K.L.:
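I am attaching a structure below and will ask some questions about it afterwards.
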Amino acid sequence: MTKQIKIKSLAAALVICAAGIFSSCYYDYGIDPNTSNVVVTAYNNTYNFGAVTHYYLSDTVVKIGGSSITDAYDAQIVQNMRTNLNALGWVEETTTLTGPGVIVVRAGVTTSTVVVNNGYNYWGYYGYNWYYPPYNSYSYSYTTGTLIMLMSDYNAVDSTTAPVEWSGVLNAAVGQGTSTTTLITQGINQAFSQSPYLK
């Protein structure tokens with residue numbers, strides 16, 4: 001079951017995003033993406049989402065931390081976001097970032113690999129006696145993937161930088177049995193479903 005976390009403080013969510021990101025959530029071996037997924041949403045509770053009628057969705061998924069991150073899931077990410085945005089009753093705008101009731105939506109992804117080595121993974125020699133590694137020693141690694149979704153209103157400011165009005169952050173251990181496409185779909189759907197104020 002995916003953990004559901006709601007953060008009303010937008011600043012707290014952005015700190016989580018910038019820190020990159022959840023690797024400390026997984027502290028033991030035997031990582032199971034069915035129970036270790038995290039979905040965090042945050043929003044500006046002074047922003048009037050009820051006035052939003054259109055959205056501009058960037059078709060570029062930003063690779064945070066390097067170009068080596070795969071783009072194999074970009075189309076799926078964008079389409080899943082589009083499906084959820086349409087379900088809100090918002091109409092997609094394809095020509096402008098500004099206009100009455102238009103909010104801009106973007107996505108970024110990053111990955112992090114963690115290697116854990118607890119104890120010894122080799123035979124040792126002490127004095128005249130060989131000894132075994134400790135019985136409870138182990139070594140393992142896992143990779144987490146993080147997807148960040150941001151909504152900004154460019155009509156609210158007189159510059160090219162707009163404050164974030166809503167953010168959704170999905171994090172999961174990948175390659176552990178549950179397909180990445182399933183994790184993406186479930187995570188994006190949950191981020192929107194636990195944000196009823198968007199409607």
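Since this is a predicted model, take the numbers as computed values, not measurements.
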K.L.:
For the atom pair CD (Gln186) and CG (Asn80), what is the distance rounded to the nearest 0.5 Å?
P.N.:
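Result: 10.5 Å between the selected atoms.
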K.L.:
With a 3.5 Å cut-off and no angle check, do the side chains of Tyr55 and Asn86 form a donor-acceptor pair?
P.N.:
yes
K.L.:
May I ask you to test the Leu147-Ile188 pair for a side-chain heavy-atom distance under 4.5 Å?
P.N.:
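Yes, their side chains come closer than 4.5 Å.
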K.L.:
Go through it in stages, so that I can follow the logic: the residues are Leu57 and Met81, the test is side chain to side chain contact (heavy atoms under 4.5 Å, CB included), and I'd like the CA-CA distance, side-chain angles, deciding distance and then a yes or no.
P.N.:
CA-CA 8 Å; Leu57 176 61; Met81 292 171 63; 3.7 Å; yes
K.L.:
Can you see whether Gln76 engages Thr185 through a side-chain donor-acceptor pair at a distance of less than 3.5 angstrom?
P.N.:
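Looking only at side-chain atoms, Thr185 and Gln76 do form a donor-acceptor pair, the distance falling under 3.5 Å.
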K.L.:
Can Tyr47 and Ile103 be said to form a side chain to side chain contact (heavy atoms under 4.5 Å, CB included), step by step?
P.N.:
CA-CA 11 Å; Tyr47 183 77; Ile103 200 163; 4.0 Å; yes
K.L.:
Under 4.5 Å between any side-chain heavy atoms of Thr53 and Trp90, yes or no?
P.N.:
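A side-chain contact is absent here, since even the closest heavy-atom pair is not under 4.5 Å.
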K.L.:
State the CG-CD1 distance between Leu150 and Ile148, to the nearest 0.5 angstrom.
P.N.:
7.0 Å
K.L.:
Kindly indicate whether the side chain of Val61, heavy atoms from C-beta on, has any atom under 4.5 Å from the side chain of Lys63.
P.N.:
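Heavy-atom side-chain distance check passes, below 4.5 Å.
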K.L.:
To the nearest 0.5 Å, tell me how far Ile77 CD1 sits from Thr181 OG1.
P.N.:
11.0 Å
K.L.:
One pair to check against side chain to side chain contact (heavy atoms under 4.5 Å, CB included): Thr146 and Leu170. What are the steps and the verdict?
P.N.:
CA-CA 6 Å; Thr146 302; Leu170 328 175; over 6 Å; no
K.L.:
Would you please test Ile64 and Val109 for side chain to side chain contact (heavy atoms under 4.5 Å, CB included) and show each step?
P.N.:
CA-CA 6 Å; Ile64 304 169; Val109 293; over 6 Å; no
K.L.:
Please tell me if the side chains of Leu85 and Met151 come closer than 4.5 Å, counting only heavy atoms from C-beta onward.
P.N.:
yes
K.L.:
Does Phe192 have its ring centroid less than 6.0 Å away from the ring centroid of Trp166?
P.N.:
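Yes, the ring of Phe192 comes within the 6.0 Å limit of the ring of Trp166, centre to centre.
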K.L.:
Side-chain donor-acceptor pair under 3.5 Å between Glu92 and Thr94, yes or no?
P.N.:
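Thr94 and Glu92 do not have a side-chain donor-acceptor pair below 3.5 Å.
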K.L.:
To check you understand the geometry: which heavy-atom pair defines the closest contact between Gln194 and Thr41, and what is its length?
P.N.:
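Smallest heavy-atom distance, with atoms named: NE2-OG1, 3.0 Å.
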K.L.:
Taking atom OG of Ser195 and atom CE of Met149, what is their separation to the nearest 0.5 Å?
P.N.:
8.0 Å
K.L.:
Do the side-chain N and O atoms of Thr98 and Asn155 include a donor-acceptor pair separated by under 3.5 angstrom?
P.N.:
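No - no donor-acceptor pair under 3.5 Å links their side chains.
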K.L.:
Do Val91 and Leu88 land in one hydrophobic cluster if side-chain heavy atoms of ILVMFWY residues count as linked below 4.5 Å?
P.N.:
no
K.L.:
Ignoring hydrogens and geometry beyond distance, is a side-chain donor-acceptor pair present between Tyr56 and Ser58 at under 3.5 Å?
P.N.:
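Side chains of Tyr56 and Ser58: no pair found under 3.5 Å.
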K.L.:
Side-chain donor-acceptor pair under 3.5 Å between Asn84 and Asn189, yes or no?
P.N.:
yes
